[in-house]
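Labels below follow one simple rule: chain letters A, B, ... track the order of the sequence lines, proteins then strands, and each chain is numbered from 1. When reading the values below, keep in mind they use all heavy atoms of this one structure, side chains included, and skip hydrogens, waters and symmetry mates. Because the structure is predicted, anything quoted here is derived from the model rather than measured.
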Protein chains: 2
Amino acid sequence: MERVKSLRVDGQRNRERIVAAASELVARDGAQASLEEIARRAGVGSATLHRHFPTRQALLEVVFRDGVAQLCAMASAQPGRNPAAELAAWLEEVTVYTATHRGLAAALLAGPEGLSPEELCCTDMLLEVLTGLVARASSAGAIHAGATAEDLLRLANAIAVANEQDAPTARRVLRLALLGIRP
Amino acid sequence: MERVKSLRVDGQRNRERIVAAASELVARDGAQASLEEIARRAGVGSATLHRHFPTRQALLEVVFRDGVAQLCAMASAQPGRNPAAELAAWLEEVTVYTATHRGLAAALLAGPEGLSPEELCCTDMLLEVLTGLVARASSAGAIHAGATAEDLLRLANAIAVANEQDAPTARRVLRLALLGIRP
DNA sequence: ACCTGAACACCGTTCAAGT
DNA sequence: ACCTGAACACCGTTCAAGT
């Protein structure tokens, strides 16, 4: 959980409470969780929530940032075997994680609107890792040229958002998509 | 536009007006279009809308039924060339159509809850066609066994819902998914 | 049988007033 | 600087009263 130095102590504490309350309620209700209820549970006025997070997406980005960072760290920690298999395995982990954590896929699709520009958004973190994996696999001739990092992330996000709360299906459909339909 | 014989003439007319208003507003605002506003534009009370369509999904199903039926008709009208290419081409058309018509992908993912059971829902119409195409391609050995009609529709819907209003991207990502990542 | 309008319990956003 | 509570303009759902 990061600090925002420029805030007064009470502002700092409110911000942390809002993020904690949002984490609980987004996990329960998904990306559409009531902002009113989040403010209520955090013990702040609704106007305070809006000052700290000008848009719903800005709040969601902060809620999910730590988890996504962990996911990104897992990629580099993997052994360097077949680069196409490595790419596929990490994309599968991302898809399962995203399908499992309610609201995350929707947040990734909606983009980081309203996030303060110096902060790295979740999509950018994922894209950075994925670009590296795609480059390695590509220069090893292990994937074809049409498979870009951007489209692969779009594909994974699409499958996750359509299969929120159903990780086995999300994983199976992603595998199908990475494999294609030819025999 | 189908008739519902069991309705009084005024009920019949109200139902048609509701569907017409819903078509306009869903095209403009997507699947989350305000039911209140739909009722207002149709010139009926909101309670009347709820009586005719107990859930939002039931209304969406009726709004999109004709278009989906046309899509299904196009499949059988195609020449019988390479069965895998035929399957891919139709799935691409479905994806582009779904990505282009706001609210349709969300309606397909949400399912037909609240629709009167004797009516065929959009998903069932699409699955029937797709099952035929998959069977033909499969028995010709043109696709692998893991590619089921259900998962392929899930895949197409996922890509469409994540790329609503961006048909070129939806088409490109679907092609990537049908091709896979291998060189 | 079917419709209407009002009632109920919610929303998100903004703004004046406070400390 | 930051917070609060109230105000505003919306929602979806349900129900008593009408024709």
Exercise. Among pairs that include at least one residue of residues 123-134 of chain B, which meet salt bridge (Lys or Arg N to Asp or Glu O under 4.0 Å), considering only residues two or more places apart or in two chains?
Worked result: none
For this session: Report yes if some heavy atom in the side chain of A:Glu61 is under 4.5 Å from a heavy atom in the side chain of A:Glu113; otherwise report no.
Result: no
For this session: Using heavy atoms and a sub-4.0 Å distance, could you list which residues of residues 106-115 of chain A are near DNA chain C? By number, please.
Result: none
Exercise. For A:His50 and D:dC2, what is the distance between atoms NE2 and C1' respectively, to the nearest whole Å?
Worked result: 17 Å
Exercise. Taking the nucleotide of DNA chain C with the closest heavy atom to each, which residue, B:Glu36 or A:Thr55, is nearer the 5' end?
Worked result: B:Glu36
For this session: Just jot down the side-chain contact (heavy atoms from CB on, under 4.5 Å) partners of A:Ala149, sequence neighbours excluded, or say none.
Result: A:Leu127, A:Leu130, A:Thr131, A:Val134
Problem set entry | Among C:dT13, D:dT13, C:dC11, the one nearest B:Ser46 by side-chain distance | D:dT13
For this session: With sequence neighbours left out, write down each residue that passes side-chain contact (heavy atoms from CB on, under 4.5 Å) with A:Ala162, or none if nothing qualifies.
Result: B:Leu109, B:Ala158
Exercise. Do side-chain atoms of B:Ser116 reach the backbone of B:Glu118 as a donor and acceptor pair under 3.5 angstrom?
Worked result: no
Seminar exercise, completed: Here DNA chain D, pairs taken as Watson-Crick or G-U under 3.5 Å and shown with ( ), [ ] when crossing and | when to another strand, reads ||.|||||...|||||.||
Exercise. Where each residue is assigned the nucleotide of DNA chain D containing its nearest heavy atom, which of B:Ala47 and B:Arg56 is assigned the position nearer the 5′ end?
Worked result: B:Arg56
Exercise. So does B:Glu37 pair up with B:Arg28, basic N to acidic O under 4.0 Å?
Worked result: yes
For this session: Apply side-chain contact (heavy atoms from CB on, under 4.5 Å) to B:Gln165 and list each qualifying residue two or more places apart in sequence or on a separate chain.
Result: B:Arg102
Exercise. Think A:Thr48 has a side-chain N or O under 4.0 angstrom from the OP1 or OP2 of D:dT4?
Worked result: yes
Problem set entry | A:His52 side chain, from C-beta outward: closest of C:dC2, D:dC3, D:dG5 | D:dC3
Exercise. Is the shortest side-chain N/O distance from A:Asn14 to OP1 or OP2 of D:dC2 below 4.0 Å?
Worked result: no
